[in-house]
Number of protein chains: 2
Amino acid sequence: MDSELIAAARRFNRTVTQRVGALDDEYMARGRPLAQARLLWEIGPGGAEVAALRARLGLDSGYLSRLLRTLESDGLVTVAPADQVGGDARVRAAVLTDAGRAEWAELDKRSDELAWSILEPLSEQRRERLVAAMAEVERLLIASMVVIEPCPPGDPRARACVRAYARDIARRFDDGFDPALSNPVHDEELVPPAGVFLLATLNAEPVGCGAVKLHRDAPAEIKRVWVADSVRGLGIGRRMLDELERYAAERGWGAIRLDTNGNLTEAIAMYRSAGYREIEPYNTEYYAHHWFEKHLAP
Amino acid sequence: MDSELIAAARRFNRTVTQRVGALDDEYMARGRPLAQARLLWEIGPGGAEVAALRARLGLDSGYLSRLLRTLESDGLVTVAPADQVGGDARVRAAVLTDAGRAEWAELDKRSDELAWSILEPLSEQRRERLVAAMAEVERLLIASMVVIEPCPPGDPRARACVRAYARDIARRFDDGFDPALSNPVHDEELVPPAGVFLLATLNAEPVGCGAVKLHRDAPAEIKRVWVADSVRGLGIGRRMLDELERYAAERGWGAIRLDTNGNLTEAIAMYRSAGYREIEPYNTEYYAHHWFEKHLAP
DNA sequence: CCATATATCTGACTTTAGTCAGGTATATGG
DNA sequence: CCATATACCTGACTAAAGTCAGATATATGG
């Protein structure tokens with residue numbers, strides 16, 4: 001723990017978060033209780049399902065219901081069954097009324113004003129620097145908020161990642177990707193003690209995955225490393241790799257391998273920079289052009 | 001208003017302040033009501049006067065009193081007359097007890113932990129980048145929070161600035177600074193309509209000043225431009241200059257002048273970059289080596 | 001000494017935020 | 001069709017946050 005870095009991060013938390021956060025709330029509230037204002041904002045011009053609002057704002061179901069009733073009786077919102085095709089009749093969605101839309105537009109305007117009130121006193125050059133630094137902080141904080149945890153491969157979030165992974169490689173491989181031609185990976189192989197499936201999430205949304213098979217009497221094998229576009233370039237892939245290696249090393253494996261397609265150039269660069277060395281083919285994977293191995297410290 | 005910059009600042013406000021802010025509060029609270037925790041934190045190991053706490057936390061006087069009673073009855077704090085020499089017997093100060101100090105240390109530790117929990121998931125390189133960007137955001141936000149407003153030259157904050165200004169130049173001039181040798185500036189000259197004194201404040205603390213005399217039938221004259229060390233390099237001096245020029249221009253003056261000492265090299269550079277041109281001496285100021293003038297657009 | 005201002009305090013109050021235990025209607029797997 | 005789960009709801013409650021009108025003691029200028 002570098003105490004200078006920590007001190008700087010603390011100063012930032014204090015000055016920036018507290019002050020800008022308080023300003024933000026003040027601008028948002030407009031005489032209305034903050035919870036209501038936030039809810040109105042979150043519903044937005046396009047409306048939102050009640051469950052989604054609950055998740056995004058982290059509210060108690062009863063509390064949210066009551067807030068919605070208040071906004072409804074103020075004529076800002078209507079709550080009605082969410083009529084998606086073939087939808088679940090229990091699910092309801094909140095939609096802004098005309099008055100609600102006007103109020104939302106006002107909040108939007110005030111949000112712009114707040115942002116401008118921060119930038120306005122600065123010279124043009126400093127404005128640009130501030131915005132660039134803000135963007136950097138934002139991206140890196142997002143990176144630091146990504147959590148990597150074991151997850152059953154059957155979990156819907158895990159499935160969604162694997163599907164996205166398949167779509168991605170189908171687009172990048174020269175001849176597409178037909179799972180039938182590729183060596184299959186079975187769920188049981190990615191469940192302890194045979195292996196593990198790790199899921200990367202950002203605010204509970206899946207944004208990446210990776211798996212390792214712990215082969216008996218053979219090096220461990222990495223599979224399905226994928227990172228969503230939205231969080232690429234933030235070091236998530238590398239962290240995933242580290243976690244998978246650590247998992248294998250902690251269980252006594254001394255080496256770890258993987259195969260990959262020649263078109264995945266950034267992935268290959270990442271493997272090399274992470275200490276992987278190219279080796280002779282150790283399997284007959286149809287889509288593989290390169291095979292890599294890394295020795296693991298015990 | 002550049003809408004791209006605004007959008008970026010808004011994103012920052014939302015993601016960063018809301019999330020980090022919420023985390024911050026959570027770490028701070030420790031089962032105790034947040035207001036109490038914040039108050040305990042603000043009192044700090046050195047103690048603090050009640051009035052100072054009220055100002056810093058922006059609390060209602062009655063509310064603060066009650067919070068202090070609660071902390072007192074929890075054995076964390078004692079409130080007693082603030083015995084400064086020759087002090088005001090009404091003023092009271094809060095001081096942490098041993099238990100309070102222990103609790104404060106715990107909050108301090110948790111603050112470190114929170115900061116580290118943000119940095120920890122990142123690679124060393126990204127940590128450094130994040131901290132650098134945080135520092136940049138912080139500095140520029142501080143710059144943007146400085147407010148420049150007219151202030152009576154007799155106001156204690158104005159007096160404090162002028163004293164600091166005199167101390168500063170005394171240190172920088174080759175032969176010190178003796179006000180008796182310098183052309184005097186009287187308060188009445190810095191009060192409308194004869195002129196104006198502008199005060200720069202950061203969270204109500206004075207951090208800079210500047211004044212302009214509106215001479216009859218002669219160019220306006222800038223005096224006493226000073227910026228506190230703590231906010232130097234943030235463009236405050238330049239903003240002060242702009243405001244003074246604007247003040248004179250709006251009232252019909254077409255030119256503005258100033259004299260300065262040759263040792264104040266950054267100030268001279270600033271005048272030049274702001275469009276001032278060196279002219280012949282227009283007064284007999286003992287400490288002046290350079291005289292500048294700028295034409296003002298109507 | 002008096003009138004007025006100031007620093008802090010107490011008491012009485014309201015609003016906001018949030019929790020928890022059910023209740024109703026719909027969905028789902030067998 | 002039944003048991004169980006789920007999505008949203010209502011009612012009853014608590015704690016926290018904040019406001020306001022005085023009360024008390026001290027300061028300050030005349």
Side-chain angles (χ1 to χ4, degrees), chain A residues 18 21-22 25-26 28-43 47-74 77-95 154 156, chain B residues 18 21-22 25-26 28-43 47-74 77-95 154 156:
Chain A
Q18 299 241 4
D25 288 352
E26 201 184 304
M28 199 56 138
R30 303 232 313 132
R32 192 185 309 285
L34 191 54
Q36 278 178 44
R38 277 211 259 258
L39 175 53
L40 184 72
W41 176 256
E42 203 61 40
I43 292 169
E49 294 187 358
V50 174
L53 294 171
R54 202 162 44 226
R56 273 187 261 159
L57 294 168
L59 297 177
D60 172 85
S61 149
Y63 184 29
L64 173 59
S65 225
R66 206 175 321 281
L67 286 173
L68 284 171
R69 290 303 83 70
T70 313
L71 289 180
E72 232 173 1
S73 74
D74 287 355
V77 154
T78 53
V79 180
D83 35 29
Q84 337 138 331
V85 254
D88 185 327
R90 293 168 303 181
V91 174
R92 312 223 298 157
V95 177
Chain B
Q18 298 241 3
D25 288 352
E26 202 183 303
M28 200 56 137
R30 303 230 314 131
R32 189 185 313 283
L34 191 54
Q36 277 176 44
R38 277 210 259 257
L39 176 53
L40 185 70
W41 176 256
E42 204 61 41
I43 292 170
E49 295 187 358
V50 174
L53 294 171
R54 202 164 44 228
R56 272 187 260 160
L57 294 168
L59 297 176
D60 172 86
S61 145
Y63 185 28
L64 172 58
S65 222
R66 208 176 319 282
L67 287 172
L68 284 171
R69 292 300 85 70
T70 314
L71 289 179
E72 231 173 2
S73 74
D74 288 356
V77 155
T78 53
V79 180
D83 35 29
Q84 337 138 330
V85 252
D88 186 325
R90 293 168 303 180
V91 174
R92 310 223 301 156
V95 177

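Numbers restart at 1 for each chain; the letters A, B, ... are given by sequence-line order, proteins then strands. All values below come from the heavy atoms of this structure, side chains included, with hydrogens, waters and symmetry mates left out.
When rounded to the nearest whole Å, the span between CD of B:Glu49 and P of C:dC9 equals 12 Å. We find that CG of A:Asp25 is positioned 15 Å from P of C:dT16, with the value rounded to whole Å. One atom, CG of A:Leu39, and another, C1' of C:dG18, lie 15 Å apart when rounded to the nearest Å. Here C:dT16 presents its P atom at 11 Å from CG of A:Leu67, a figure rounded to the nearest Å. With rounding to whole Å, B:Leu68 atom CG is found 10 Å from C:dT8 atom P. Atom CG in B:Leu34 sits roughly 14 Å away from atom P in C:dA17 (whole-Å rounding). Rounded to an integer number of Å, the gap from A:Arg66 CZ to C:dG18 P is 13 Å. In this entry the distance linking CG of B:Asp60 with P of C:dA12 reads 17 Å, nearest Å.
Between the side chain of B:Glu72 and the backbone N or O of B:Val79, at least one donor-acceptor pair lies under 3.5 Å. Checking side-chain atoms of A:Glu42 against main-chain N and O of A:Arg56 turns up no donor-acceptor pair under 3.5 Å.
Residues A:Ala94 and A:Ile43 come closest through the heavy atom pair O-CG2, 3.6 Å. Closest of all the heavy-atom pairs between B:Leu40 and B:Leu71 is N-CD1, 4.1 Å.
Residue side chain B:Arg90 reaches the base of C:dT6 through a donor-acceptor N/O pair under 3.5 Å, judged by distance alone.
The outermost nucleotides of DNA chain D lying under 4.0 Å from heavy atoms of chain B, listed 5' to 3', are D:dA16 to D:dA27.
The base-pairing partner of C:dC13, taking Watson-Crick or G-U wobble contacts with both distances under 3.5 Å, is D:dG18. Nucleotide D:dG30 forms a Watson-Crick or G-U wobble pair with C:dC1, both donor-acceptor distances falling under 3.5 Å.
Dashed line: the shortest gap from a side-chain N or O of B:Arg54 to OP1 or OP2 of C:dT8 is under 4.0 Å. Contact check, B:Arg92 against C:dC9: a side-chain N or O comes under 4.0 Å of OP1 or OP2.
No salt bridge links A:Arg54 with A:Asp60; every basic N to acidic carboxylate O contact stays at or beyond 4.0 Å.
Residues passing the side chain to side chain contact (heavy atoms under 4.5 Å, CB included) test with A:Thr78, sequence neighbours excluded: A:Val95, A:Thr97.
With rounding to the nearest 0.5 angstrom, the CD atom of A:Gln18 is 9.0 Å from the CG atom of B:Leu57.
Place A:Ser61 and A:Pro33 on DNA chain C by their nearest nucleotides, and A:Pro33 ends up nearer the 5' end.
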